[in-house]
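Below, each value reflects all heavy atoms present in this structure, side chains not excepted, and no hydrogens, waters or symmetry copies. Positions are given from 1 along the sequence. Predicted model, so just to flag it, every value in this text is computed and none were measured. Note that ligands are numbered from 1 as they come in the structure, with each ligand's atoms numbered from 1 the same way.
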Amino acid sequence: MNHIISIRDLSRTEIDQLIDEASRIDSSVSFDQSLKGKILALLFFEPSTRTRMSFEAAMARLGGTSIGLDSVEASSMAKGETLADTIRVVSGYADTIVLRHPKEGAARLASEFASVPVINAGDGAGQHPSQTLLDLYTIRQSMPLEGISVGLLGDLRYGRTAHSLAYALSLYGATLHTISPKGLELPTSIADELREKGTEIVEHRDVSEIIGTLDVLYVTRIQRERFPDSASYFKVASSYRVTPDLLTGVRERLIVLHPLPRLDEIDPGVDQLPYARYFEQSRNGIPVRMAMLRKVMG
Ligand code: NCD
């Protein structure tokens with residue numbers, strides 16, 4: 001079965017093929033109807049704007065239809081039905097399931113009970129592979145992916161987009177500079193595994209130490225919803241902010257990315273600068289997710 005649960009399920013060749021396909025889709029004037037008659041189930045048990053809407057739009061552009069659930073409260077899970085049973089049932093209604101769930105490992109579990117492909121659209125603090133593919137696609141619009149220097153700024157502990165991206169970048173020989181508030185560092189399990197594979201990871205406390213050497217600055221939101229209590233969140237809230245001032249004297253080719261939503265970690269004054277690519281990045285969710293849907297259902 002063609003599940004996409006973790007970015008680690010994809011080889012570098014498969015990632016390249018998906019990005020190439022997204023790029024072909026992006027440059028074509030009309031879309032084929034290759035998924036006409038197919039049904040995509042969107043099960044989103046956590047808030048979402050971009051991921052949900054862009055999967056739905058991608059499916060529509062390929063001629064297919066989407067059905068979905070937006071919350072546990074609105075489904076029979078509120079009556080006590082298990083995720084496993086829900087997935088077994090939805091497998092009978094749809095040709096692919098896109099799942100977002102607050103628990104790490106939920107998508108993997110779902111894939112064990114599904115009789116159709118499952119795409120992980122975010123499992124707690126785990127992984128977010130479709131986001132990573134569009135992140136890579138966005139970087140590649142500006143520069144080759146090989147050997148770049150990437151700053152990962154923010155909540156690297158709970159941020160699933162950073163986890164998936166770090167794994168993927170290691171396939172391309174990137175150097176990773178991690179900058180996070182105390183306690184929100186990249187999990188050692190991930191850092192150790194990547195270092196073992198030969199990826200250089202350098203930790204910093206302040207982004208200004210390193211900004212001048214970066215090709216990509218990947219900013220993330222503090223994942224408040226994963227904190228045990230609000231006191232621990234407020235200890236780190238608003239502790240970093242990318243401003244136009246910070247970006248004086250950076251490399252000309254620097255791009256600033258953010259999976260969005262942003263709170264206060266990027267000053268709106270940055271939006272006008274040539275480095276800002278986060279809104280293009282969110283738009284890139286369409287061709288990339290079209291390529292993914294074709295891969296699993298085509
Ligand atoms: C991210 C997520 O859900 O992990 N959002 C997204 O899909 N673009 C990042 C976040 O919520 O901070």
Participant: Compare all side-chain heavy atoms of V288 with those of L18 and state whether any distance is below 4.5 angstrom.
Facilitator: no
Participant: Can you sort out which atoms of ligand 1 are near Q223, meaning under 4.0 Å from one of its heavy atoms?
Facilitator: 10 (C), 12 (O)
Participant: Measure from the side-chain N and O atoms of H204 to the backbone N and O of D206, and report whether any donor-acceptor pair falls under 3.5 Å.
Facilitator: no
Participant: Does the pair R294 and E21 meet the rule for a salt bridge (Lys or Arg N to Asp or Glu O under 4.0 Å), with working shown?
Facilitator: CA-CA 9 Å; R294 264 200 202 148; E21 170 77 351; 2.5 Å; yes
Participant: Specify the protein heavy atom at minimum distance from atom 3 (O) of ligand 1: its residue, its atom name, and the distance to 0.1 Å.
Facilitator: R160 NH2, 2.8 Å
Participant: P261 near ligand 1, heavy-atom distance under 4.0 Å?
Facilitator: yes
Participant: Taking D155 for the side chain and I222 for the main chain, is one N or O donor matched with an acceptor at less than 3.5 Å?
Facilitator: no
Participant: Pick one: which of N2, T96, I119 meets side-chain contact (heavy atoms from CB on, under 4.5 Å) with M292?
Facilitator: I119
Participant: When you measure from atom 11 (O) of ligand 1 to each heavy atom in R262, R100, R221, which option holds the nearest one?
Facilitator: R221
Participant: Under a 4.0 angstrom heavy-atom cut-off, which atoms of ligand 1 come close to H128?
Facilitator: 2 (C), 4 (O), 6 (C), 7 (O)
Participant: Considering only heavy atoms of T51, which atoms of ligand 1 have at least one such atom less than 4.0 Å away?
Facilitator: 6 (C), 7 (O)
Participant: Determine whether the side chain, the backbone, both or neither of E46 has a heavy atom under 4.0 Å from any heavy atom of ligand 1.
Facilitator: neither
Participant: For atom 9 (C) of ligand 1, what is the closest protein heavy atom, and at what distance to 0.1 Å?
Facilitator: L260 O, 3.7 Å
Participant: When clusters are formed by joining ILVMFWY residues with side-chain heavy atoms under 4.5 Å apart, either directly or through shared neighbours, do M59 and I67 land in the same one?
Facilitator: no
Participant: Could you tell me, atom by atom, which parts of ligand 1 come under 4.0 Å of a heavy atom of Q131?
Facilitator: 6 (C), 7 (O), 8 (N)
Participant: Apply side-chain contact (heavy atoms from CB on, under 4.5 Å) to L69 and V90, showing your working.
Facilitator: CA-CA 11 Å; L69 283 176; V90 176; 5.6 Å; no
